[in-house]
Structures are given as C-alpha cells and as structure tokens.
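Working notes, beginning with the structure itself.
A note on names: the letters A, B, ... follow the listed sequences, proteins ahead of strands, and every chain is numbered from 1. All heavy atoms count here, side chains included; hydrogens, waters and symmetry mates do not.
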Amino acid sequence: MKTEQKIRAAVVQCLADQFQKSVDPETISLSETRKEFPGDITVTTFPLAKLGIGSPEKIGESLGNYLRENLSEVSEFNVVKGFLNISLSEAYWFDFFHSIKIEDFVRSEVGKGQKVIVEFSSPNTNKPLHLGHLRNNFLGDSVSRILAANGFEVIKACLYNDRGIAICKSMVAFRREANGATPGSTGKKPDHFVVDYYVRFASMVIEETIAELVNLGFEEKAATLLLQGKGKDLTEEDKAALGQIKSAMKERGIELDQLKENTPAMKEAREMLLEWEAGQPEVIALWKKLNDWVYEGFKATYERIYVTFDHLYYESQTYLTGNDLIAEGLEKGVFFTKEDGSVWIDLTADKLDMKVVRRADGTSMYITQDIGTAESRATEYGMNKSVYVVADEQDYHFKVLFLIMKKLGREWADGMYHLSYGMVDLPSGRMKSREGTVVDADDLLNVVRDAVEVETQEKGRIEGLSDQQLQELYEMIGVGALKFFILRVKPDKRMVFDPEESVNLYGDTGPFVSYAHARARSILRKVDEMGIGGESRKYASLADAEKSVLRQIAKYPDLLVEAAQKYDPSLIAAFALDLAKEFNRMVHEVHVLRAENPDASRFRYELSQLVAELIRHSMGLLGIKVPDQM
RNA sequence: GCGCUCAUAGCUCAACUGGAUAGAGCAGCUGCCUUCUAAGCAGCAGGUUCGGGGUUCGAGUCCCUGUGGGCGUACCA
C-alpha cells in the first residue's frame with residue numbers, strides 16, 4: 001500500500017533529522033495493528049533501540065510525534081512498549097473509499113506481458129475423478145484465475161494419460177463381457193461405465209488366479225480366502241486353512257504375484273498394449289471408443305465445476321517425445337550412456353541421485369516425456385512461466401526435471417514451478433481404491449448439492465424463483481461449498497476431508513460467504529426500490545464496524561499480488577471470509593435503509609455495493625459463483 | 001539406510017514470514033428474530049504450539065537434538 005511506503009519514508013526521515021541515523025526503509029517493521037489496540041498501522045521500535053538512541057518507548061514517542069506532524073494521513077498515535085500504533089484519520093479512510101475504481105482495484109499488472117502455462121487436472125482415463133482430482137482441479141483453476149487477474153496471459157492445459165496398461169485392462173474386460181452394452185443402454189455416466197470394466201478386470205484376475213490354484217490341486221475355499229480374505233474377519237478354521245495353503249505354496253515354489261501376472265486376463269492386457277503400440281486397427285478403435293466415453297463423462301464433471309482448458313494434450317501423442325533432447329544432452333555431456341545402453345544423468349553434485357532418463361531398450365519413460373513436453377511447450381508458446389499442479393508425492397520428480405532443463409541450458413527453466421499440494425485424507429486415513437474408500441467426485445458433488453437443497457428449502461429466501469432457477473441455485477451453492485472447503489487450506493498442507501463436515505453450511509464456509517453476498521444484494525435491491533437521497537461524500541463519521549469493513553477492503557490489492565506470487569488461493573479464501581464477517585457485523589450494527597440521515601444511507605449503500613462486488617470478485621478467483629438471493 | 005516434509009484447542013484450519021495476551025469455525029454451553037436475509041450476531045468455556053536444548057530485547061515461526069506421522073529414494077506413472 002502506498003501509505004505504508006510514506007510511513008516508512010517518514011520514519012527514515014525522522015531518524016535522520018532527529019538522531020542522525022541512516023536506515024534502510026525496508027528494514028522498518030510495519031504491521032497491521034492488532035484489534036485490541038487503537039490504531040491502524042503499527043511500527044515495531046524494538047529493533048531501532050539497537051541504534052543506541054534511546055529506549056523503544058522513547059523512540060516510539062519521537063516517531064509518533066513526527067509522523068503526526070508531517071503526515072496528514074496520521075491523526076493520532078499511542079505507544080505500548082516497543083509498539084507505535086498509528087491511527088489513520090477518518091478523512092484518510094473516506095478518501096480511500098471515494099477513490100476506489102472497482103475495475104482497477106481488483107486487478108494488478110504485475111504479470112503484464114508475461115505468458116504462463118498452468119497444467120493441472122491431468123487424469124488417467126481408467127479411473128473416475130475423485131476427491132484428490134478435485135483439489136487439483138480447484139487449485140489449478142483458481143491459480144489460473146488469480147494469475148489472470150494480475151495481468152498474466154494464462155494458458156490452461158490438461159494432459160490426459162490416455163494410454164498404457166491400465167486402459168488396456170478396461171478394454172480387455174469390456175471386450176470379454178460387454179456384449180454390446182453402452183453407457184446409453186445402461187443409463188450410466190460414461191466415465192463410470194468404463195471404470196466399472198477396470199474394476200471388473202481386477203476381479204477377473206482374482207477369479208482366474210483362484211481357478212489356477214484349484215487347477216494346481218489346492219482347495220477352492222482356501223484359494224478364495226487367499227485372494228479375497230484380506231481385511232475380513234476370519235474364523236480360526238479359516239486362518240488354519242490360510243496358513244496351510246500358504247506353506248504348501250511355498251513348499252512347491254509357487255508365488256501368488258506370479259500367478260496373477262500369468263492369468264489369461266493379464267496376458268491379454270499385455271498383448272493388447274503391444275497391439276496398441278503396433279497400431280492394430282481393432283484395438284485402436286476399441287481404445288478410442290472407451291476413451292471417448294471417458295472424455296464425455298469427464299466433460300460433464302468439468303462443466304459442473306466450471307473448469308475449462310485452453311489446450312488438451314494426450315499422452316498417446318506425446319509419449320514418444322523427448323528423445324531429441326536426450327540426444328542433445330548426450331552431445332553436451334549432460335547425460336551419459338551405460339554399457340547396457342541406458343542413458344543417465346548424475347545429479348549427486350546437486351544433492352540428488354543418479355537418474356535414468358532413457359531405458360536400455362531405448363524406450364522413453366515418464367521423465368523423458370516430461371522433458372519433451374516442456375520443450376515443445378516452450379517452442380510452441382514461448383511462455384515465461386510454466387506451472388505444474390501436481391501432488392507433493394512427486395516433489396522429487398520435478399526437482400529433477402527442472403534441474404535437467406536447466407542443465408540443458410534452457411533459460412526458461414527458471415520459470416518452471418511445481419505447485420505442489422498435499423494429499424487429501426479421509427478421517428479414516430488415506431483413500432484406498434482397494435478398500436473402496438475413494439470418494440468419487442460426482443457422488444460428492446451430489447451429496448453436497450442435496451444438503452444445500454434441504455437447507456434452502458427450509459431457510460432460503462427463494463420467493464419468485466422458478467424450478468430451474470432453484471436447481472441452479474442448489475448447484476451453485478453446493479459446488480461453491482465444496483470448492484471453498486478445499487481451497488481454504490494452504491495448498492502445501494496435507495488436509496483431512498471429512499465428508500460429514502463438508503456438507504455443513506454454517507461457520508467458515510462457502511455458503512457463509514455466499515450468504516453475506518446475497519444479504520448485501522437484498523439490501524441493495526430494497527434501497528433501489530425505495531430510493532434514497534443523500535450524498536455519500538457528506539457522510540463524515542465512521543462507525544467502528546464501517547471502518548473495519550474499509551480496513552478489510554484495503555487489503556485486497558496487495559493480497560491479489562501476494563496470492564499470485566505464492567500461487568495460493570487460500571489467501572483469497574481467507575480474505576473473502578473476513579470480509580463477509582466484517583460485513584455481517586456491520587449489517588447488524590448499523591442500518592442502511594433506516595440510517596440516521598440520507599447521507600449515511602447513501603454511504604452505506606455504496607459501501608455495501610463495494611462489499612458485494614469484492615465478495616463476488618474474490619470468490620470468482622476461487623472459481624465460485626455467488627447468488628443474489630438464497 | 002539416506003533425502004524431503006509435517007506435528008498448533010476434542011476435531012478441521014489460521015497466525016501478515018522473528019513481534020503485543022497464539023486466533024477462527026465445528027462440536028459443547030448462554031443470550032438475540034413484530035426493525036434491511038437467524039445459512040446471521042453477541043458471549044462463555046477450551047492451549048506447556050509433540051519433548052529437550054540453543055540463538056534473540058522477543059520464538060508456534062530460525063538452529064541443534066529426540067519422538068511420532070507422511071512422501072520419496074523404480075530402466076512405474
């Protein structure tokens with residue numbers, strides 16, 4: 001804030017004038033005054049005592065007097081120990097309020113002329129979107145919006161992991177058992193339809209493994225226990241049978257994992273992958289059919305959470321890239337070849353390890369692809385920054401990737417950033433697909449939406465809304481509740497997601513903020529209907545609650561920049577929440593419609609308008625829409 | 001084993017990057033709806049910031065150490 005710079009400068013000036021000490025303005029410690037003390041801005045004077053010019057209290061007094069005399073913004077001050085609390089004048093706050101131009105207020109130009117690619121979402125096409133993907137999507141989408149609000153040209157990219165053994169498993173199960181079924185014929189959401197075959201494949205493997213064990217002369221009951229008894233309560237008899245089959249297998253040198261790997265289903269999947277790589281037409285056609293269904297299903301979910309992409313990448317098209325760079329790296333001596341033909345990079349000097357970047361058989365791997373796609377993006381877009389929204393389990397991978405690009409001499413490597421976020425846990429612990437605890441994204445969205453519907457039916461101000469508008473309202477508040485719940489938490493923190501608590505619509509939640517907005521809009525509508533005279537500029541005595549609202553508003557411009565620099569939507573969420581709180585307090589303490597005089601009415605009307613705009617804008621940066629009534 | 005990371009109220013999260021008496025919400029308790037939306041407001045209660053050292057005028061924050069989680073350390077992605 002400009003005012004802060006003025007204060008810093010004045011403090012420096014005062015130290016020079018009165019104590020002949022020269023101090024760097026940036027070292028002056030400024031902070032917001034804690035609300036239990038009078039004042040707006042606090043200068044901490046402890047560090048200045050080191051200059052040998054008196055006690056912190058004395059310095060505070062001197063500075064306070066100087067600031068009050070020399071800065072018109074400063075109306076009064078008080079000193080508590082080493083803290084100089086400065087109050088800004090009412091005139092200052094009114095000036096601030098009247099000077100706000102909303103379009104300028106809600107955007108910065110720190111990213112002007114810079115291009116940034118944000119890659120996020122990037123799902124596998126064999127699994128449905130789940131809670132973890134939601135955090136990724138919400139973060140990537142919100143960060144994109146925040147960057148755009150700071151003047152960056154943002155390109156949102158999504159990389160579909162559409163190939164590999166996993167999707168082949170779904171294909172095998174589908175080919176064996178679908179009998180012409182389609183999402184349409186079963187009434188299922190297309191991505192879930194495909195995923196069911198992936199799940200089905202797993203049980204095929206189990207069935208076939210049991211069959212093979214029986215074939216090898218083991219009892220079916222014992223074999224079944226071995227494959228499916230995990231995590232279940234077993235009787236003593238079962239346990240005995242289980243122990244028996246295990247030791248018998250060991251004796252005969254039979255390994256369970258190998259049996260599984262060699263089931264007809266697994267063989268078929270591996271064959272299919274080879275056929276896919278060979279471009280076998282039927283396999284490709286099947287692959288396309290299933291993936292198209294998955295995309296159709298994903299699309300519905302993306303629309304629901306208002307997430308869009310500017311560019312879609314498909315791993316099936318990029319998985320071979322990167323080899324040129326490997327060659328270049330070898331030439332430059334960045335990489336080296338081992339006897340077996342594999343290509344490596346030695347990162348031990350950078351406190352990392354030896355890493356393989358290309359297999360001995362010449363095929364590329366994950367890191368090879370990432371090297372390739374990073375390069376092609378740079379040539380395609382010439383971006384200044386490249387943000388990868390990927391969970392923190394891949395921290396090491398990105399350290400390596402960025403380092404490699406740098407060693408290859410790519411100057412844009414400095415602009416690569418891994419927006420690493422913590423996993424989402426359930427109260428019971430980590431989500432595990434094997435244990436069926438994965439929270440499906442679509443299900444979750446429905447559950448929250450339904451909770452909102454119940455609440456709204458009971459308490460909402462929904463007169464005059466059509467059925468369709470009501471449906472949209474439930475959806476809007478529900479999606480917002482979920483986004484807010486997740487974005488509130490700092491990205492790098494691992495978070496616990498309690499489905500029970502996520503449908504709570506009270507307290508520090510998205511609906512709370514939405515509610516404040518609806519409330520403000522409602523007041524504004526009423527004022528518009530009745531019409532009030534008055535002039536906001538003639539109002540000149542700020543109530544406490546009004547000033548608190550203004551103080552909160554004043555934080556927004558800096559926060560916007562900070563959120564972009566830190567890639568952190570939780571800062572915006574905290575702002576929206578605090579603004580809503582301050583506004584609720586204001587509404588409770590002063591009246592807009594029945595104010596002391598028309599000037600007060602007018603001022604509060606305009607202030608409420610600004611609050612509503614800022615709630616809408618800040619929530620918008622989180623990818624959340626807010627209703628005009630609820 | 002080595003590397004990275006986390007630990008704050010019963011639970012979920014904050015704490016302006018080293019500043020004042022560590023703050024919110026949920027859960028619990030108490031008030032407030034003939035007055036602009038009670039999805040709200042006001043209040044009570046709840047803490048040895050994992051333990052132990054250290055640096056500093058000042059530490060939840062920095063350093064060391066111990067304990068306990070998580071992740072990584074694949075010619076998987």
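Comparing rC26(B), rA77(B), rC13(B) by their closest approach to the side chain of Met495(A) singles out rC13(B). The Lys50(A) side chain lies nearest to rC57(B) when the options are rA39(B), rC41(B), rC57(B). For Val587(A), counting side-chain heavy atoms from C-beta on, the closest listed nucleotide (rC36(B), rG25(B), rA39(B)) is rC36(B). The side chain of Thr33(A) sits closest to rA20(B) out of rA24(B), rA20(B), rA77(B). Checked against rA24(B), rA42(B), rU37(B), the side chain of Arg585(A) finds its nearest nucleotide in rA42(B). Closest to the side chain of Leu593(A), from the set rC57(B), rC13(B), rC36(B), is rC36(B). Side-chain proximity of His591(A) to rA14(B), rU35(B), rU37(B): nearest is rU35(B). The side chain of Ser522(A) has rC36(B) as its nearest neighbour among rA7(B), rC36(B), rC71(B). In the set rA39(B), rA77(B), rA20(B), the nucleotide with an atom closest to the side chain of Val80(A) is rA20(B). When distances run from any side-chain atom of Tyr506(A) to the nucleotides rA20(B), rC36(B), rA39(B), the shortest one goes to rA39(B).
Between Lys526(A) and rU37(B) there is a side-chain N or O to OP1 or OP2 distance below 4.0 Å. Distances shorter than 4.0 Å separate none of the side-chain N or O atoms of Lys351(A) from OP1 or OP2 on rC4(B). When the side-chain nitrogen and oxygen atoms of Tyr366(A) are compared with OP1 and OP2 of rA77(B), none of them lie within a distance under 4.0 Å. One finds no side-chain N or O of Arg488(A) lying less than 4.0 angstrom from the OP1 or OP2 phosphate oxygen of rG25(B). A sub-4.0 Å separation between OP1 or OP2 of rC36(B) and a side-chain N or O of Arg604(A) is absent. Distances shown here put a side-chain N or O of Arg359(A) below 4.0 Å from the OP1 or OP2 atom of rA77(B). The side chain of Arg494(A) places no N or O atom within less than 4.0 Å of a non-bridging phosphate oxygen (OP1 or OP2) of rG70(B). Residue Lys490(A) places at least one side-chain N or O closer than 4.0 Å to OP1 or OP2 of rA15(B). Not one side-chain nitrogen or oxygen of Asn161(A) sits closer than 4.0 Å to the OP1 or OP2 atom of rA77(B). Between Lys81(A) and rU21(B), a side-chain N or O to OP1/OP2 separation shorter than 4.0 Å is present.
With hydrogens and angles left out, the side chain of Lys566(A) and the base of rU17(B) share a donor-acceptor pair within 3.5 Å. Donor-acceptor pairing under 3.5 Å, judged by distance alone, is absent between the side chain of Ser570(A) and the base of rA14(B). Residue-to-nucleotide contacts include no donor-acceptor pair under 3.5 Å from the side chain of Asp578(A) to the base of rA14(B). Donor-acceptor pairing under 3.5 Å, judged by distance alone, is absent between the side chain of Ser514(A) and the base of rA39(B).
Using atom P as the reference point in both rA27(B) and rC71(B), the two lie 31 Å apart (nearest Å). Rounded to the nearest Å, the gap between the C1' atom of rC29(B) and that of rC64(B) is 45 Å.
To the nearest 0.5 Å, atoms CD (Gln565(A)) and CG (Asp558(A)) are separated by 10.0 Å. Taking OG from Ser55(A) and CZ from Phe46(A), the interatomic distance works out to 10.0 Å, rounded to the nearest 0.5 Å.
Glu315(A) comes within 4.0 angstrom of sugar-phosphate atoms only, judged by non-hydrogen atoms across all strands, and of no base.
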Could you walk me through whether Leu559(A) and Val561(A) satisfy the side chain to side chain contact (heavy atoms under 4.5 Å, CB included) test, starting with their C-alpha distance in whole Å, then the side-chain angles of each, then the deciding distance to 0.1 Å, before giving a yes or no? CA-CA 5 Å; Leu559(A) 201 66; Val561(A) 174; over 6 Å; no
So Ser121(A) and Asn137(A), side chain to side chain donor-acceptor pair (under 3.5 Å) or not? Walk me through it. CA-CA 5 Å; Ser121(A) 199; Asn137(A) 278 286; 2.8 Å; yes
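Glu546(A) contributes a side-chain N or O that, together with a main-chain N or O of Ala543(A), makes up a donor-acceptor pair within less than 3.5 Å. At least one donor-acceptor pair under 3.5 Å links the side chain of Ser122(A) to the backbone N or O of Leu159(A). Side chain of Asp162(A) to main chain of Ser316(A): a donor-acceptor pair is present (N/O by atom type, distance under 3.5 Å, no hydrogens or angles).
Side-chain atoms of Asp528(A) and Tyr605(A) include a donor-acceptor pair closer than 3.5 Å. Between the side chains of Ser536(A) and Glu606(A), at least one donor N or O lies within less than 3.5 Å of an accepting N or O.
By the neighbour-count criterion of 12 heavy atoms within 6.0 Å, atom NZ of Lys555(A) is densely surrounded, having more than that number from other residues, nucleotides or ligands.
For the pair Phe46(A) and rG19(B), the ring geometry qualifies as stacking, because the centroid separation is below 5.5 Å while the planes lie within an angle under 30°. In this structure, the aromatic ring of Phe37(A) is positioned over the six-membered ring of the base of rA20(B), centres within 5.5 Å and planes within 30°.
Taking 90° from 0 as the syn/anti boundary, the base of rU17(B) is oriented syn. Using a 90° window around 0 for the glycosidic torsion, rC33(B) falls inside it and is classed as syn.
Across the protein-nucleic acid pair, Asn504(A) atom CG and rA24(B) atom C1' stand 14 Å apart, rounded to whole Å. Between Ile523(A) atom CD1 and rG40(B) atom P there is a gap of 15 Å when expressed in whole angstrom units. For the pair Lys581(A) NZ and rG23(B) P, the computed distance is 13 Å after rounding to whole Å. Protein atom CG of Leu426(A) is 17 Å distant from nucleotide atom C1' of rG69(B), rounded to whole Å. In this structure, CE of Met476(A) is placed 16 Å from C1' of rA39(B), rounded to the nearest angstrom. Between the C1' atom of rA15(B) and the CZ atom of Phe575(A) lies a distance of 18 Å, rounded to the nearest Å. In this structure, CD1 of Ile572(A) is placed 16 Å from P of rC16(B), rounded to the nearest angstrom. Rounded to whole Å, atom P of rA74(B) lies 15 Å from atom CD1 of Ile345(A).
Closest-nucleotide positions on RNA chain B for Leu571(A) and Asp508(A) were compared, and the one nearer the 5' end corresponds to Leu571(A). Position along RNA chain B of the nearest nucleotide to Arg594(A) versus Arg519(A) favours Arg594(A) as the more 5'-ward residue.
Heavy atoms only, all atoms of each residue included: Val448(A) and Gly478(A) are closest at CG1-O, 3.4 Å.
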Annotated structure of RNA chain B as dot-bracket, pair cut-off 3.5 Å, Watson-Crick or G-U only, | for inter-strand, is (((((((..((((.....[...)))).(((((.......))))).....(((((..]....))))))))))))....
